[in-house]
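Only one structure is covered here, and it is reproduced in the block below.
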Amino acid sequence: MSQRIGHHEAEASRTTHVLSHGSPTKLYLLIYGLLLLLLLVTVGAAHLTIPEPFSFLVALAIAVAKAVLVILFFMHVKDASRVTWVFCGCSFLWLAIMLALTFGDYLTRIPVSKETPLEQASAAPAQAEGSH
Amino acid sequence: LTDVTAHPAHDDPHLKGGGHASGLVAHHFDDAEQQHDAVELGMWCFLAQEVLFFGGLFLAYLLYRFKFPVSYAEASGNLSQGLGLLNTIFLLTSSLTMAFAVHSAKVDDKKMLFQWLALTLVLGLMFLGIKAIEWTHDYQEHLVPGTYFGFDYSEQLHGRSPEIAQHVQMFMYLYFCMTGLHAIHMVVGMAILGVVAYAALKGKTSLKNANFVEMMGLYWHFVDIVWIFLFPFLYLIKA
């Protein structure tokens with residue numbers, strides 16, 4: 001390799017090699033296998049008779065596990081700088097804040113009177129679903 | 001960066017070399033590692049914005065899912081789990097081929113880079129092809145929300161309450177918004193992928209720096225992650 005490339009490219013090759021941490025083929029195939037396994041688990045879990053909030057939580061947990069695998073290994077956050085960890089974590093922290101504050105409102109709403117617009121809006125779905 | 005030690009003048013950071021001479025490192029960076037970390041951080045800024053961009057749709061999805069659980073299960077039954085599963089396998093595989101493409105770029109193997117990128121592109125096309133088949137089916141079955149939304153007249157829901165049909169329509173709104181926004185991201189990713197694959201095929205010098213391919217990989221993996229959540233949320237709701 002070094003016979004046909006010049007000095008500059010040899011320098012570049014060394015630079016990129018240092019960043020690549022050797023051959024990751026086995027690691028990538030392992031992560032891919034785990035992702036396919038988790039995919040089968042999530043399809044299998046969907047066909048079990050688990051009541052609604054829990055079946056959703058199972059699907060969510062498996063999806064989060066798959067996402068973590070992709071982020072850490074395919075997206076190389078595992079080997080990334082600390083500040084990249086912070087930025088990656090913050091994106092999901094902000095998402096969690098958005099979800100937590102919104103659900104903190106919706107899940108704690110108690111119908112006060114039939115006349116409020118809030119109650120009128122939620123009355124029809126409550127009847128249709130036969131819940132709440 | 002260990003290659004710094006190969007240079008004698010390691011006291012002055014500006015004399016460390018680190019790729020300036022080859023044009024790989026822009027003049028305002030000390031070395032290739034600093035440049036790589038800066039580029040990576042910038043990409044994660046963009047991806048953090050994307051997380052919240054899709055997050056709004058996921059928020060709407062979750063609110064209505066817990067408000068109308070029965071309707072969501074009914075609506076999800078209209079989607080093909082088999083095609084959804086097939087598409088998930090396509091996207092997970094494309095993430096693997098993209099990871100190999102990024103590695104090929106890092107070791108400066110343009111031939112393998114082109115092959116992995118081409119494979120990723122084909123898998124992306126197959127994903128969009130399946131999506132087109134699904135959307136065509138949804139259109140023919142009057143599952144597209146709007147004036148001609150005919151779910152309440154369909155056989156599955158014959159005799160059910162009209163509210164459920166409305167909530168099923170709400171699910172389909174979210175289904176088309178979420179899968180549509182995801183598909184737009186796929187198209188954008190594939191356009192960039194195509195340009196880089198062409199450059200790799202021609203052995204363009206602009207690809208000497210692997211950072212661009214790596215950042216494109218981050219984007220592609222992000223789009224894959226969105227689908228990792230979309231598949232069970234949309235296709236796998238049990239009645």
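Source: prediction; values computed, not measured. Just so it is clear: chains get the letters A, B, ... in the order the sequence lines come, proteins before strands, and each one is counted from 1.
Contact of the Leu59(B) side chain with the Phe103(A) side chain is registered, since non-hydrogen atoms from C-beta on lie closer than 4.5 Å. You'll find the side chain of Met98(A) stays beyond 4.5 Å of the side chain of Phe58(B), heavy atoms only. For the pair Phe222(B) and Val70(A), the minimum side-chain heavy-atom distance is 4.5 Å or more.
If you measure heavy-atom distances from Glu214(B) to chain A, the contacts under 4.5 Å come from the side chain alone. Leu29(A) touches chain B through backbone and side chain together, each having a heavy atom under 4.5 Å away. Heavy atoms closer than 4.5 Å to chain A are found in both the backbone and the side chain of Leu96(B). Interface remark: Val64(A) contributes backbone and side-chain atoms alike to the contact with chain B (heavy atom separation under 4.5 Å). Residue contact with chain B, scored on non-hydrogen atoms closer than 4.5 Å, involves the backbone and the side chain of Cys88(A) alike. Residue Thr49(A) does not touch chain B at all, counting heavy-atom pairs closer than 4.5 Å. Looking at Gln81(B), the atoms closer than 4.5 Å to chain A (heavy atoms on both sides) all sit in the side chain, from C-beta outward. The parts of Ala80(A) that come within reach of chain B are both its backbone and its side chain, each placing non-hydrogen atoms under 4.5 angstrom from that chain.
Taking both residues in full, the closest heavy atoms of Met75(A) and Leu218(B) are given as CE-O, 3.2 Å, listed atom of the first, atom of the second, then distance. Scanning both residues, Pro232(B) and Thr42(A), for their nearest heavy atoms gives CB-OG1, 4.0 Å. What you find for Asp37(B) and Ser81(A) is that their closest heavy atoms are OD2-CB, 4.1 Å. When every heavy atom of Ala99(B) is checked against every heavy atom of Tyr28(A), the shortest pair comes out as O-CE1, 3.5 Å. Across all their heavy atoms, Thr84(A) and Glu40(B) have their closest contact at OG1-OE1, 3.6 Å. Closest of all the heavy-atom pairs between Ile228(B) and Ala63(A) is CG2-O, 3.6 Å.
Residue His76(A) holds its NE2 atom at 8.5 Å from NE2 of His36(B), rounded to the nearest 0.5 Å. To the nearest 0.5 Å, atom CZ of residue Phe231(B) and atom CD1 of residue Ile62(A) are 11.0 Å apart. With rounding to the nearest 0.5 Å, the separation of CH2 in Trp85(A) from CH2 in Trp44(B) is 10.0 Å. Between atom CG of residue Leu34(A) and atom CG of residue Leu92(B) there is a gap of 11.5 Å, rounded to the nearest 0.5 Å. Rounding to the nearest 0.5 angstrom, the gap separating the CD1 atom in Ile225(B) from the NZ atom in Lys66(A) is 11.0 Å.
By the 6.0 Å contact criterion, CZ on Phe29(B) is enclosed, its count of non-hydrogen atoms from other residues, nucleotides or ligands being greater than 12. Environment of NE2 in His27(B): sparse, with no more than 12 heavy atoms of neighbouring residues, nucleotides or ligands closer than 6.0 Å.
When Val102(B), Leu236(B), Ile89(B) are compared by the number of non-hydrogen pairs under 4.5 Å with chain A, Leu236(B) comes out ahead. By number of non-hydrogen pairs under 4.5 angstrom with chain A, the leading residue of Phe233(B), Trp220(B), Phe100(B) is Phe100(B). Your options are Leu39(A), Ile71(A), Leu35(A), and the one with the most heavy-atom pairs under 4.5 Å with chain B is Leu39(A).
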Full working for side chain to side chain contact (heavy atoms under 4.5 Å, CB included) between Met98(B) and Phe74(A): CA-CA 9 Å; Met98(B) 179 58 95; Phe74(A) 284 172; over 6 Å; no
Show the numbers, then the answer: is there a side chain to side chain contact (heavy atoms under 4.5 Å, CB included) between Val43(A) and Tyr235(B)? CA-CA 9 Å; Val43(A) 172; Tyr235(B) 290 79; over 6 Å; no
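Taking the six-membered ring for Trp and the full ring otherwise, the centers of Phe66(B) and Phe56(A) sit less than 6.0 Å from each other.
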